[in-house]
Amino acid sequence: MAKIVYPLAEVLSIKERRVDDALRKLEERKRELLQQQEKLKEREKERDIVKEHLADKLLQFRRELDRGTTSPKIRQMKDYMKLVQQNLATEEQKVAEQKEQ
């Protein structure tokens, strides 16, 4: 006896395979998204640490100015503040790049 093959059965199996493939890809993308979000959180923490350091140094600088200090020490503190601000800008850039990803 001959086996009857219905054309719609083949179409159905192809559609089911495509759905399964799409679901697998979706799960993979979700995992990648979670990994990228974790990286973003880490970058934001690093940026926040630099921000806190900058705020602490600004406060320290103001206290030194209130107490009265020498010009070389003021210059040294200003140079350090510029360095910290550059570090903050770098961290902000890293966060922006991670957000894009």
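All values derive from a computational prediction rather than experimental measurement.
Considering CZ of R18 and CG of D20, their distance stands at 12.5 Å, rounded to 0.5 Å. Here the CG atom belonging to D48 is positioned 13.0 Å from the NZ atom belonging to K41, to the nearest 0.5 angstrom. Note that CZ of R62 is 11.0 Å distant from CE of M77, once rounded to the nearest 0.5 Å. Considering OG1 of T90 and CD of E92, their distance stands at 10.0 Å, rounded to 0.5 Å.
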- Apply the test side chain to side chain contact (heavy atoms under 4.5 Å, CB included) to residues D21 and R24: give CA-CA distance (whole Å), side-chain angles for both, the deciding distance (0.1 Å), then the verdict. CA-CA 5 Å; D21 289 343; R24 251 185 266 115; 2.8 Å; yes
- Query: Please walk me through it: do E46 and K51 pass salt bridge (charged side-chain N to carboxylate O under 4.0 Å, His left out)?
  - Reply: CA-CA 9 Å; E46 292 172 2; K51 274 186 177 180; over 6 Å; no
- Test side chain to side chain contact (heavy atoms under 4.5 Å, CB included) applied to Q86 and L83, step by step: CA-CA 5 Å; Q86 289 173 350; L83 179 66; 4.1 Å; yes
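Look at R43 and E91 and you find no salt bridge, because none of the NZ, NE, NH1 or NH2 atoms lies under 4.0 Å from a carboxylate O. The existence of a salt bridge linking E44 and K39 is excluded, since no basic side-chain nitrogen approaches an acidic carboxylate oxygen closer than 4.0 Å.
Every residue meeting the side-chain contact (heavy atoms from CB on, under 4.5 Å) condition with R63, not counting sequence neighbours, appears here in chain and number order: L59. In this view, E97 and Q93 satisfy the side-chain contact (heavy atoms from CB on, under 4.5 Å) rule, not counting sequence neighbours. For R29, the salt bridge (Lys or Arg N to Asp or Glu O under 4.0 Å) criterion is met by E32, not counting sequence neighbours.
Taking the side chain as every heavy atom from C-beta outward, R31 and E28 approach each other to under 4.5 Å. Residues R47 and K94 have side chains not in contact (no heavy-atom distance under 4.5 Å, counting atoms from C-beta outward).
L88 and L54 make their closest contact through CD2-CD2, 3.7 Å (heavy atoms, listed as atom of the first residue, atom of the second, distance).
A chain of hydrophobic side-chain contacts below 4.5 Å, direct or via other Ile, Leu, Val, Met, Phe, Trp or Tyr residues, connects V84 to L58. Note: the hydrophobic cluster containing I49 does not contain V95 (ILVMFWY, side chain heavy atoms under 4.5 Å, direct or indirect links).
Checked by atom type, the side-chain pair Q60/K57 shows a donor-acceptor distance below 3.5 Å.
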